[in-house]
Every structure is written in C-alpha cells, then in structure tokens.
Amino acid sequence: MIEKITALLAASLITSSFSLAVFNPLLVRAHESDTTHTEPALVQPDESTLKDRVEKHKLELRTKLDKAQETRLKGRCKAAQANIAKAKVRSEEVKNRRLAHYAKLQERVDGLVTKLSAAGFKVDDITSGREQVAVKVEALKTSFTTYQQALDDAAAIDCVSDPTGFKATLDAARKLHGDLGKSYADLRKTIADVLLPAINASKVQINKSTNKQEKN
C-alpha cells in the first residue's frame, strides 16, 4: 500500500504543469536594453505609498522619455491600464490555483512521511526535500506578491500626468514577471532534483523490505 502511495505521489510531481502567461509585455513596448535578472529574494510585501514605489522604479530603471515618447504614451496608456487590470485578475487566478496545488502536494508528502515512519522506513531525505520545496513555494508566493503590486501600481497611476512613472512601473512589472517565472522554474527544479529522487528512493527501500520478507 505504501509503495502505491509513493508511486502515485511521484507521478503527480512529474506531471505537474504551470503557465505564467499572465502579462502581455506588448501592452506598451519599452525601449530598453537586456539586463540580467537575479534570483528573486524572499522579501516582505512593499507597504510604501504608490508615489514612493513609482519614484523608486524611476530611479532603479533610469526611465527617461523624450517629448515624442511622452505624447505617444499619453495617448495609449489608458487603454493599456485596462488590460493591465485584467492581467492582474488572471495572475490572481493562476496564483490561487498553483499555490493550492502545491499545498495539496505538500500534504501528500506529509502523509507519506507519516506512513513510512510508522512502517519503520527512513524519511530524512524526503523530509529534507519537503522543507526545501517549502522554501521555494514561499519564494514563489513572494514573487507573485511583488509582481501583482507592480500591476496594481501600473493600473492605478495617473498615466497621463506622469507617463514616465507609468512606463517605469510597467517596466518593473515586466521584470518582476520574469522573476516570477524564475521562481517557478526553481521550484520545479527542486522538486525534480531533490524531492522526487527521495520519494523514488523510498520505493527502493520498500521493495527491498518486501523481497526480504518474502524470502523469509
């Protein structure tokens, strides 16, 4: 029975899929050079004001517009904000679905650990893998939070009176969307490289124990 549980759990981990296509960067095309994104850190939600966050984005991204760019952006930004608001809704749906999925997987892993421990099998590797996955899930939550904050800000800013701030905030959302994808990729890698091998190793333990009992 325990072997069947490990097999089912391993299969569910392998077949887990996810789409992060919740933001269209073509809403407003930014003219910027490619930059290298670092792994998103575990941070607390930004509780500063909208104005403070916008000014921070301006400074960090060194956003500047010429007169022609300002005029063009003022004429397009209101329509873009409507699409950004829709992107936030889709992002929330994806977040809720994915985090619920991983919460369920973690519950199943906990159940497996309980059963294996009761049967006398070693569970240290599975427990360690589960803890590492939990850290990555928290990083994914943080990435969703910071990304959605940027979407909220881009939708809320008075883009006509501050087109530079709007572009800076939109560019920040695009960067954070990339960070969100990296967080998810990191989570999947941890599952594939750490947790899944530990679960599969437990199947080997069970098979050896079963074969030994049959011989005796």
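As the structure is a computational prediction, the values presented were derived from the model and not from experiment.
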Answer with yes or no whether the side chains of [Y] and [X] bring together a donor and an acceptor at under 3.5 Å.
{"X": "Ser161", "Y": "Asp158", "value": "yes"}
{"X": "Ser128", "Y": "Asp125", "value": "no"}
{"X": "Gln132", "Y": "Thr190", "value": "no"}

Nearest 0.5 Å, what's the [atom1]-[atom2] distance between [X] and [Y]?
{"X": "His177", "Y": "Thr146", "atom1": "NE2", "atom2": "OG1", "answer": "11.5 Å"}
{"X": "Lys74", "Y": "Cys159", "atom1": "NZ", "atom2": "SG", "answer": "10.0 Å"}
{"X": "Gln106", "Y": "Leu195", "atom1": "CD", "atom2": "CG", "answer": "9.0 Å"}
{"X": "Ser143", "Y": "Lys136", "atom1": "OG", "atom2": "NZ", "answer": "10.5 Å"}
{"X": "Ser91", "Y": "Leu151", "atom1": "OG", "atom2": "CG", "answer": "6.0 Å"}

Without swapping roles, check the side chain of Gln81 against the backbone of Ile157 for a donor-acceptor pair under 3.5 Å.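 Yes; judged by distance alone, with no hydrogens or angles, the pair exists.
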
Could you tell me whether a side-chain N or O of Ser117 sits under 3.5 Å from a main-chain N or O of Thr114, the two making a donor and an acceptor?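 Flag not set: sc Ser117 to bb Thr114 has no pair under 3.5 Å.
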
Please identify which of these residues, Val109, Asp110, Leu116, meets the side chain to side chain contact (heavy atoms under 4.5 Å, CB included) condition with Leu112.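 Considering Val109, Asp110, Leu116, a side chain to side chain contact (heavy atoms under 4.5 Å, CB included) with Leu112 is found only for Leu116.
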
Close side-chain approach of [X] to [Y], heavy-atom, < 4.5 Å:
{"X": "Thr127", "Y": "Arg130", "answer": "no"}
{"X": "Val137", "Y": "Lys141", "answer": "yes"}
{"X": "Phe144", "Y": "Leu140", "answer": "yes"}
{"X": "Tyr102", "Y": "Leu187", "answer": "yes"}
{"X": "Arg53", "Y": "Leu50", "answer": "yes"}
{"X": "Lys167", "Y": "Pro163", "answer": "no"}
{"X": "Thr164", "Y": "Lys64", "answer": "no"}

Check the pair Asp153, Lys56 against salt bridge (Lys or Arg N to Asp or Glu O under 4.0 Å), reporting the backbone distance first and the verdict last. CA-CA 12 Å; Asp153 290 348; Lys56 180 181 178 182; over 6 Å; no

As a quick check of understanding, evaluate salt bridge (Lys or Arg N to Asp or Glu O under 4.0 Å) for Asp179 and Lys175, giving each step before the final call. CA-CA 6 Å; Asp179 291 343; Lys175 177 184 180 299; 3.1 Å; yes

